[in-house]
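Worksheet: one structure, shown below.
So that the names make sense, note that chain A is the first sequence line, chain B the second, and so on, each numbered from 1.
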Number of protein chains: 2
Amino acid sequence: MARMTPDERREAIVDATLRVMIRQGIAATTVRDVAGEMGTSSGLIHHYFASMDDLLAEAFDRVASDDLARTASAVAASDDPVERLATFFDVYNRSGDDWGMQLWLDAWAEASRRPALQQTSRRLNEAWQALVAGLIRDGVAAGSMTCDDSNAVAWRIISLLDGLALQVIAHAHLVVPDDATAWARGYAEDELALERGALRSKAHHEM
Amino acid sequence: MARMTPDERREAIVDATLRVMIRQGIAATTVRDVAGEMGTSSGLIHHYFASMDDLLAEAFDRVASDDLARTASAVAASDDPVERLATFFDVYNRSGDDWGMQLWLDAWAEASRRPALQQTSRRLNEAWQALVAGLIRDGVAAGSMTCDDSNAVAWRIISLLDGLALQVIAHAHLVVPDDATAWARGYAEDELALERGALRSKAHHEM
DNA sequence: AGACCTATTGCGCAGTTGTCCAACAATGCT
DNA sequence: AGCATTGTTGGACAACTGCGCAATAGGTCT
C-alpha cells in the first residue's frame with residue numbers, strides 16, 4: 001500500500017478500526033479485519049500499535065473525545081444558559097450521528113475486563129458530568145436556574161439519559177414513548193425550577 | 001465423572017455456565033471453561049446442548065427468570081400497594097445478590113449479535129415493565145396512587161433505575177451520591193402523587 | 001448372565017485469534 | 001551514487017475456539 005507518514009498512518013488505522021468497531025462491535029474487532037478494511041497487511045498494525053488492546057482503547061478514546069468536544073462546542077454556541085442546556089439535550093445521545101450508543105454499551109461491558117477501556121470510559125464520563133454541572137452553575141449564577149448541588153443534579157440527568165438510551169437501543173421493538181426525551185427535559189426543568197418547555201428541542205421549536 | 005440423570009446433568013451444566021459467565025463475562029465463556037468448572041469433558045456439553053449459543057441463552061434465561069420470579073414473590077408478600085412498590089425498590093437492582101448487574105450489561109451488549117440472547121433480554125424486560133405497571137394499576141385501583149398511564153410511568157421508573165445501575169457499575173470510583181436510590185424513590189413518589197417517604201426502604205425504615 | 005442403552009470420555013479437525021519476524025521496498029542523508 | 005533508516009509485506013507460529021466422533025464405562029432390562 002502507498003507509503004504514508006507515521007501520523008497519517010496511525011490516524012488511518014484508527015479510522016479503519018472505528019469503522020470495524022461500529023460495524024462488528026468491540027469484542028469482534030480483529031487485527032485482520034482492520035487490515036482488510038484499510039487494504040493493508042496485519043503486520044503493519046503491530047508496527048504502530050503495541051497490542052490490539054492499545055489500538056481499541058485509542059480508537060474508542062478518539063471517538064468518545066470527539067463526541068464530547070463536538071457537544072461542548074455546540075453548547076458553547078449560545079450565551080444564554082438555558083438555551084445552552086436545551087442545546088445539550090438536543091445533541092446528547094451519547095453518540096454522534098454516525099457511531100451510535102451501541103458502541104458505548106460495548107465499551108461499558110468490555111471495560112470491566114479491558115483496563116485500557118475502563119480508564120477512557122471513566123474519564124469521559126467524568127467529563128460529561130463536569131460539562132453539565134458547569135452549565136447548571138452558569139445558569140444559577142445568571143439567576144435563570146435554581147440548584148443546590150450542581151454535581152448531583154448533573155449526575156442524575158446523565159444517569160437518566162443513559163438509562164433512557166439503554167432502553168431504546170436494547171429493546172427497540174418495545175413501544176417507547178415518543179415523549180421519552182421530552183420526559184427527560186421535563187425532569188430537568190422541574191429539578192432546576194425552570195418554566196415548562198424551557199428546554200424544549202430547538203429543532204422542534206423552530207418548526 | 002459421576003453419572004447423572006439427564007435432568008440433573010442439564011442443570012449442572014447450566015449452573016456451571018452461570019458461574020463462568022459471571023466470572024468471565026458472556027463473550028469469554030467457552031465450552032472448555034464450563035467443562036473445567038464441572039470437572040467433566042467438553043464433549044459432554046455438546047451432548048446436551050446443540051450449540052454454545054443455546055447454552056448461553058438458556059443459562060441467561062434461567063438466571064434472569066429466577067430473579068424476576070424472586071422479585072415478584074417478594075413483592076407479593078404484602079397486600080398494601082404502596083408497600084409492594086416500596087418492596088420493589090428494595091429488591092430491584094436488576095440482579096440477585098450473587099450475579100450482578102454486570103451480566104445484564106453483558107447480555108444487552110451481546111444481544112445485538114446473538115439473536116438467542118436478544119429474545120430473552122426483550123422478553124424479560126417486558127415482564128419487568130409489566131410487573132411495575134401492575135403494581136401501579138393496583139395502587140390506583142386502591143386509591144392510594146394517582147397515575148394516568150401506568151405503562152409509561154413503569155417504563156420511566158425502569159429506565160431510571162437501569163441508568164442509575166449503569167452508572168454505579170460502570171463508574172464505581174465516581175462519587176455516587178448515597179441517596180441515588182433515594183432519588184429514584186423520590187421521583188416515583190412525585191410521579192404517583194405519593195407522600196414523601198412513602199417508598200422509603202423498609203430495611204432502612206426499621207433501623 | 002447377556003444384551004442393550006446412553007452418559008461420558010478424549011482426542012482430532014478446521015477455523016480464528018494476537019503476535020512476531022525475515023524479507024522487500026521506498027525514502028532520505030551524505 | 002551508496003548507505004542507513006524505516007514503512008510495508010506476507011506468512012509462520014502457538015494458542016485458542018466450537019464442534020464432531022469413535023471408544024469406553026456405567027447402568028437397566030429381560
> Would you call R9(B) and M38(B) a side-chain contact if the rule is heavy atoms closer than 4.5 Å?
Replying inline: yes

> Does anything in residues 46-55 of chain A reach DNA chain D, meaning a heavy atom under 4.0 Å, and if so which residues?
Replying inline: H47(A), Y48(A)

>> Which residues pass the salt bridge (Lys or Arg N to Asp or Glu O under 4.0 Å) test with R23(A), not counting sequence neighbours?
In response: E37(A)

>> Just the rounded figure in Å: distance from P of dT17(D) to CD1 of I45(B).
In response: 12 Å

> What is the distance from CG of L44(B) to C1' of dA23(D), rounded to the nearest Å?
Replying inline: 15 Å

>> Less than 4.5 Å apart, side chain to side chain, heavy atoms only: is that true for R156(B) and Y187(B)?
In response: yes

>> Output the rounded distance in Å from CE (M4(B)) to C1' (dT28(D)).
In response: 19 Å

>> Under 4.0 Å, heavy atom to any atom of DNA chain D: which of residues 24-41 of chain A qualify?
In response: R32(A), T40(A), S41(A)

>> So T71(B) and W128(B), do their side chains get closer than 4.5 Å, heavy atoms only?
In response: yes

>> Could you tell me how far apart R10(A) (CZ) and dG7(D) (P) are, to the nearest whole angstrom?
In response: 12 Å

> Does the distance from a Lys or Arg side-chain N to an Asp or Glu carboxylate O, for R185(B) and D190(B), drop under 4.0 Å?
Replying inline: no

>> Restricting to side-chain hydrogen bond (donor to acceptor under 3.5 Å, both in side chains), what partner residues turn up for D53(A), sequence neighbours left out?
In response: R114(A)

>> Using a 3.5 Å distance criterion without hydrogens, assess whether the side chain of E189(A) forms a donor-acceptor pair with backbone atoms of L199(A).
In response: yes

> With sequence neighbours excluded, what pairs up with R10(A) under the side-chain hydrogen bond (donor to acceptor under 3.5 Å, both in side chains) test?
Replying inline: E58(A)

> Hey, does the side chain of R9(A) come within less than 4.0 Å of dT6(D)'s phosphate (OP1/OP2), counting only N and O?
Replying inline: no

> Do the charged groups of R84(A) and D79(A) touch, with an N to O distance under 4.0 Å?
Replying inline: no

>> Which residue in the set T87(A), D67(A), T181(A), D162(A) passes side-chain hydrogen bond (donor to acceptor under 3.5 Å, both in side chains) when paired with Y92(A)?
In response: D162(A)

> Do you know the tightest heavy-atom contact between P81(B) and A142(B)?
Replying inline: CG-CB, 3.9 Å

> Taking 5' to 3' order, which nucleotide of DNA chain C is first and which is last to have an atom within less than 4.0 Å of a heavy atom in chain B?
Replying inline: dT6(C) to dG12(C)

